[in-house]
Amino acid sequence: SDNSKENCPESREKEENHIRLIFDNSFELTLRYIYQTCFSINTDQEISNSEKLATNLTDAFCNLLLRVDACVELPFIIPFLCSASEVICENVIESFWSFAIEINEADIFIRRRAIFAIASLLQESKFICFEQIVLFLEKWTKWAHNYINEKSKNPEEAKANFYKHGIFYAVFQSIMYLIVCKHTDFDTRTIKTIRLFNFQKLISSTLNPLAFCPPQVLQQFVEVARHHQIVLCSMIIERNKRLSLDTDRYISKKSEYYYPFQRMPKFIAHANNLEREFKKDDSSTQGESSNIFDYYTFINSNSKLYCD
């Protein structure tokens, strides 16, 4: 019978493999279209087309993909797109930021994911140089200070509340995440710069951001911050423990550790297939050893945002 065929393990496996093949082919076609539209562009029309595509993909990411749990491969379209040019990369990050901080109909957890996506992009993309990441840390820290200064004008607004201040907590968590991930690159100058960010004021504020950070980020940040003498968190953490603040219902959600651009070998395999194809079609690239489609070595030497 038809029902017995549908329940047959061999039949299900065959169907799953067929779906995977369709997805793989569609994904590779999407990467190819992004490359042809956004890479190596010269004319005004080509630039306009690339910007339109970037806008459409960014909107789709914010309004669709951010809402999907366990979406593994599709998010990697974003770093691939951002590697095309400095302008596209900056526009994508600005779009994510605007989606998160501007009042809109999106759920607070979805808007927080947009912040985490920026942090993940900055951490994982080797085409964004370290100096640029420090500038983002400074920008976000200034935003956080301005936020608590504004809320402190009204005692009712200055109370710790996840739903009222969820974006603030996401920004602070992302700052901690980037410091944890990048601290091995810190030199003396960077450490001095970060010490001037006045984290003590942020963590001591009545908004209590440390209470809303997932343990896997908070524990590592405490160690890094202590080692580099950036800020001392132990007293605040102990106070939160004594008060037995019930924040687990917020930080236990999947969205609280949403860093979608961590390394994914299957994506790199897709990208490397494209690289071989385009090298074959373009004699000017013959003999080059750089892996221009490798997610970890995207480089655009003509852009200040990108590292050599």
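- Residue Asp44 qualifies as open at atom CG: its count of foreign heavy atoms under 6.0 Å is 12 or below.
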Original post:
Going through the checks in order, is the side chain to side chain contact (heavy atoms under 4.5 Å, CB included) test met by Ser174 and Ile118?
Top reply: CA-CA 8 Å; Ser174 296; Ile118 298 175; over 6 Å; no
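- Listed here is the closest heavy atom pair of Glu51 and Val87: OE2-CG1, 4.3 Å.
- Separation of the Phe61 and Phe96 ring centroids falls under the 6.0 Å cut-off.
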**OP:** Please assess Ile179 against Phe186 for the test side chain to side chain contact (heavy atoms under 4.5 Å, CB included), listing each intermediate value before the final yes or no.
**Re:** CA-CA 9 Å; Ile179 289 176; Phe186 290 176; 4.1 Å; yes
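- Scanning both residues, Tyr163 and Ile108, for their nearest heavy atoms gives CD2-CG2, 3.9 Å.
- Within the 6.0 Å centre-distance limit, the rings of Phe109 and Phe162 are counted as a close aromatic pair.
- Here the side chain of His145 pairs a donor or acceptor atom with the backbone of Phe197 at under 3.5 angstrom.
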Subject >> Asn208/Ile236 under side chain to side chain contact (heavy atoms under 4.5 Å, CB included): CA gap, chis, key distance, verdict >> reply: CA-CA 8 Å; Asn208 197 5; Ile236 306 295; 3.9 Å; yes
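- A donor-acceptor pair is defined here as one N or O able to donate and one able to accept, closer than 3.5 Å; no such pair exists between the side chain of Glu238 and the backbone of Ser234.
- Phe39 has its ring centre less than 6.0 Å from the ring centre of Phe80.
- How far CD of Gln173 is from CZ of Phe168: 12.0 Å, rounded to the nearest 0.5 Å.
- The cluster map of Ile, Leu, Val, Met, Phe, Trp and Tyr, joined by side-chain heavy atoms under 4.5 Å apart, puts Met235 and Phe212 in different clusters.
- Residue Leu121 comes nearest to Ser125 through the heavy atom pair O-OG, 2.8 Å, listed as atom of the first residue, atom of the second, then distance.
- Using a 4.0 Å cut-off between charged nitrogen and carboxylate oxygen, Arg12 and Glu16 do not count as a salt-bridge pair.
- The nearest pair of heavy atoms linking Cys181 to Gln123 is CB-OE1, 3.2 Å.
- Under the 4.5 Å side-chain criterion, counting only non-hydrogen atoms from C-beta, Thr141 is in contact with Leu202.
- Note that CD of Glu131 and OG1 of Thr190 are 7.5 Å apart. Values are rounded to the nearest 0.5 Å.
- No donor-acceptor pair closer than 3.5 Å links the side chain of Ser120 to the backbone N or O of Phe116.
- Note: Leu81 CG to Cys89 SG = 9.0 Å, rounded to the nearest 0.5 Å.
- Between Phe172 and Phe199, the two ring planes are perpendicular [angle over 60°; tilted spans 30° to 60°].
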Subject >> Test log, rule side chain to side chain contact (heavy atoms under 4.5 Å, CB included), inputs Leu53 and Tyr33 >> reply: CA-CA 10 Å; Leu53 177 61; Tyr33 183 69; 3.9 Å; yes
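- Val134 is connected to Met176 through a chain of hydrophobic side-chain contacts under 4.5 Å among Ile, Leu, Val, Met, Phe, Trp and Tyr, so both are in one cluster.
- The stretch residues 150-160 participates, sequence neighbours left out, in these side-chain hydrogen bond (donor to acceptor under 3.5 Å, both in side chains) pairs: Glu150-Lys153, Glu156-Lys159.
- Under a hydrophobic-cluster definition in which Ile, Leu, Val, Met, Phe, Trp and Tyr are linked whenever side-chain heavy atoms come within less than 4.5 Å, directly or via other members, Ile191 and Val224 are assigned to the same cluster.
- Rounding to the nearest 0.5 angstrom, the gap separating the CD1 atom in Ile78 from the CZ atom in Phe261 is 6.0 Å.
- Counting heavy atoms from C-beta outward, His165 and Tyr147 have side chains that approach closer than 4.5 Å.
- Linking ILVMFWY residues whenever their side-chain heavy atoms come closer than 4.5 Å, directly or via other members, leaves Leu29 and Phe23 in distinct clusters.
- Using modelled atom types, no side-chain atom of Gln132 and backbone atom of Cys129 make a donor-acceptor pair closer than 3.5 Å.
- Annotation: the span from Ile167 atom CD1 to Trp143 atom CH2 amounts to 7.0 Å, rounded to 0.5 Å.
- The neighbour count for Lys201 NZ, taken as heavy atoms of other residues, nucleotides or ligands under 6.0 Å away, is above 12.
- Judged by distance alone, with hydrogens and angles left aside, the side-chain atoms of Tyr169 form a donor-acceptor pair with the main-chain N or O of Leu207 at under 3.5 Å.
- Contact check for Asn91 versus Glu94: no side-chain heavy atoms found under the 4.5 Å cut-off.
- Side-chain N or O atoms of Gln220 include one that pairs as donor or acceptor with a backbone N or O of Gln216 at under 3.5 Å.
- Within 6.0 Å of NZ on Lys14 lie no more than 12 heavy atoms contributed by other residues, nucleotides or ligands.
- One hydrophobic cluster, built from ILVMFWY side chains closer than 4.5 Å, cannot hold both Leu196 and Phe130; they sit in different ones.
- Heavy-atom minimum distance, Ile203 versus Pro209: CA-CG, 4.0 Å.
- At least one donor-acceptor pair under 3.5 Å links the side chain of Arg195 to the backbone N or O of His228.
- When all heavy atoms of Leu31 and Ile77 are compared, the closest pair comes out as CD2-CG1, 4.5 Å.
- When side chains are defined from C-beta on, Glu28 counts as touching Arg32, because their heavy atoms get closer than 4.5 Å.
- Within a 6.0 Å sphere centred on NZ of Lys139, heavy atoms belonging to other residues, nucleotides or ligands number more than 12.
- Inter-residue side-chain proximity for Phe99 and Asp59 is flagged as unmet; no heavy-atom pair is nearer than 4.5 Å.
- Applying the 6.0 Å contact sphere to CG of Leu232 captures no more than 12 heavy atoms from other residues, nucleotides or ligands.
- Side-chain contact between Trp97 and Phe136: absent, with no pair of heavy atoms (C-beta onward) separated by less than 4.5 Å.
- One distance of note links CD1 of Ile88 with CD of Glu90; it measures 11.0 Å at 0.5 Å rounding.
- With contacts defined as side-chain heavy-atom distances shorter than 4.5 Å, the pair Ile93/Leu122 qualifies.
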